[in-house]
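Predicted model, so just to flag it, every value in this text is computed and none were measured.
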Amino acid sequence: MRSIMALLPILHYPDARLHKKAKPVAVVDDRVRRIVRDMAETMYAAPGIGLAATQVDIHERIVVIDVSEDHSDLLVLINPVITWKSEETQVYEEGCLSVPGIYDEVKRAARIKVEATNEKGERYEFEADGLLAVCVQHELDHLDGKVFVEYLSQLKQSRIKTKLRKLQAA
């Protein structure tokens with residue numbers, strides 16, 4: 001029998017809560033594991049490939065990512081840290097569950113090394129490139145209070161804010 005999970009409401013840009021810096025998780029316990037499960041369910045239902053706790057108004061350093069086609073490769077990052085970035089960069093078209101319907105190109109490190117803790121409280125590290133590297137960098141930005149549109153020009157940011165405010169008012 002599956003445990004009951006909850007879909008969490010996703011904050012939408014330009015909500016000020018998206019700019020709060022997340023605090024480290026002190027201990028990985030059942031409360032944190034429940035947050036991870038709820039975040040994963042929310043991400044899959046959205047549908048998305050990554051979700052930071054900041055986006056669901058939980059200001060702790062927790063991220064879930066799954067870039068697989070069949071939702072079979074959930075990556076849980078608690079207190080994640082990028083320990084190395086390549087000088088080589090790549091440009092990817094990014095979207096965000098907190099900025100619905102908006103996609104734009106962002107330049108990021110092509111390869112990264114990451115250290116994180118999993119939902120069992122075990123520290124681990126991995127290397128990432130391609131879509132996974134982009135996704136990790138994007139989600140870790142959220143934990144630091146940064147949304148991908150902030151990499152864009154002021155003009156584009158202002159157009160996006162106007163568009164999203166109109167959609168929220170509708």
So which atom in [X] and which in [Y] form the shortest heavy-atom distance, rounded to 0.1 Å?
{"X": "A110", "Y": "S86", "result": "N-OG, 3.3 Å"}
{"X": "T83", "Y": "V114", "result": "OG1-N, 4.2 Å"}
{"X": "N79", "Y": "P24", "result": "OD1-CA, 3.2 Å"}
{"X": "F148", "Y": "I102", "result": "CZ-O, 3.7 Å"}

Exercise. Should we count CD of Q168 as having more than 12 external heavy atoms under 6.0 Å?
Worked result: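 Enclosed: over 12 neighbouring heavy atoms sit under 6.0 Å from CD of Q168.
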Exercise. With a cut-off of 6.0 Å (strictly less than), are more than 12 heavy atoms of other residues, nucleotides or ligands near CD of E122?
Worked result: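 Buried by this count: over 12 neighbours within 6.0 Å.
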Using only atom types and a distance under 3.5 Å, with no angle test, would you say the side chain of [X] pairs donor to acceptor with the backbone of [Y]?
{"X": "E139", "Y": "A52", "value": "yes"}
{"X": "D129", "Y": "L132", "value": "no"}
{"X": "E115", "Y": "I82", "value": "no"}
{"X": "S68", "Y": "S72", "value": "yes"}
{"X": "E125", "Y": "K113", "value": "no"}

Exercise. Roughly how far apart are I65 CD1 and M39 CE, rounded to 0.5 Å?
Worked result: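 Here the interatomic distance stands at 9.5 Å.
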Problem set entry | Distance (rounded to the nearest 0.5 Å) between I58 CD1 and I35 CD1 |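 Those atoms lie 4.5 Å apart.
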Problem set entry | D144-H142 side chain donor-acceptor pair, cut-off 3.5 Å |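 Per modelled atom types, D144 and H142 side chains form no pair under 3.5 Å.
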Exercise. Without hydrogens or angle criteria, can the side chains of D66 and Y44 be said to hold a donor-acceptor pair below 3.5 Å?
Worked result: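 Yes, Y44 and D66 have a side-chain donor paired with an acceptor closer than 3.5 Å.
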Exercise. Centre of Y151's six-membered ring, under 6.0 Å away, within 45 degrees of the axis: is that where NZ or CZ of K146 sits?
Worked result: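 Yes; both conditions hold, so K146 lies above the ring face of Y151.
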For this session: Quickly, which of L8, L11, L97 forms a side chain to side chain contact (heavy atoms under 4.5 Å, CB included) with Q55? Name it, please.
Result: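 When L8, L11, L97 are each tested with Q55, the side chain to side chain contact (heavy atoms under 4.5 Å, CB included) holds only for L97.
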